[in-house]
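In listed order, ligands and their atoms are each counted from 1.
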Amino acid sequence: MSADPVADLPDGLHLAICGSGSPLPDPKRGNPCVAVIAGRRVFVVDAGERASETLNRMGIDPGGIEAVLLTHFHSDHIGGLGSLAIQRWVAQGSRGRMRIIGPPGVERVVTGYNEAFALDNGYRTAHHGEEIAPSETAGMTAEPFDFPEGADSTIVLDDGGLKITAFRVDHSPAEPAVGFRFDYEGRSLVISGDTSYSPVLVEAAAGADLLVHDALSPELTKLVEDAASAAGLTARAKIFADIPDYHASPVQAADAAREAGVHALALTHIVPPLPLKSLEGPFLGDARERFSGPLWIAQDGDLYSLSAGGGLDRSTMFGRGPGS
Ligand SMILES: [Zn+2]
Ligand SMILES: [Zn+2]
């Protein structure tokens, strides 16, 4: 346990999983959320429900979040923004409104959240005072980016030795949808966002130390669809029949990792939920035969550390924080 586990990390690039699940109810996995720590700078990519709870369990202080980046606007990726903004706002040392960097559409999400939480923000300022809950820094601010004409990628941040590149992915009809690549101190990691197999991602992820990729098992999802049909749950069966076309399978994620020449692969956005360890083999299918590097099914609390000197360590952040 440490007062600030982030400060204890070695210099380098670190990725912590604050939500490895999907919109489907999953007692083991929160909705999608990834924290990236570059040196002492903390970014959060997507903030689904339970994001702030899981970040706190990992000892990552919401007050230290420099910006949130959104890959797209499905509910499971934005549903935790409200509570995260509140926690960051009242945390000691937080500065300014919470920056939300995303493709076009991010302005609507932020405007809606600010309106939905306006009354609550006012109550908290009235209750705790301007010093703890300053009205001028309540809520979020949108920072949209777009791709130059004909381009599939664009740099959204480049300072202090850190470069963040956004690239298009294919999650149609959810449009726009992007992934992000972080480069810092010679280390690199890539977050796919939600996507089917994407040649743009393969190019953007070239040579990265770590790829964190969306994964849905078509075989297990079909079993869930069949069970829903047999139970007469036609709406649920239709949803399970629809979703495999806009998420990559574990095998496709492994193919993307191999083709991109990345060092290691972590699968996230796990669909369907895997309540038993024995389901992990069927979930992966032939993925391990398609990618020879380290391959993990991500879990909430995971920490992947790419220290500036080299190497890749996997551990858990759970139990490191002052509240644990
Ligand atoms: Zn999703
Ligand atoms: Zn999605």
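- Looking at residues two or more places apart in sequence or on another chain, you find no salt bridge (charged side-chain N to carboxylate O under 4.0 Å, His left out) involving Arg40.
- Classified by interplanar angle (parallel below 30°, tilted 30° to 60°, perpendicular above 60°), the ring pair Phe117/Tyr113 is tilted.
- Within the structure, no pair that satisfies the salt bridge (Lys or Arg N to Asp or Glu O under 4.0 Å) test touches residues 10-23, not counting sequence neighbours.
- The Zn ion (ligand 1) has Asp76 OD2, His77 NE2, Asp194 OD2, His269 NE2 as protein N, O or S atoms under 2.8 Å away.
- Ring-plane geometry between His171 and His72 is classed as perpendicular, the angle between the planes exceeding 60 degrees on a 0 to 90 degree scale with a lower cut at 30.
- His77 and His74 have tilted rings, their planes meeting at an angle from 30° to 60° on a 0 to 90° scale.
- Considering only residues two or more places apart in sequence or on other chains, Lys222 meets the salt bridge (charged side-chain N to carboxylate O under 4.0 Å, His left out) condition with Asp226.
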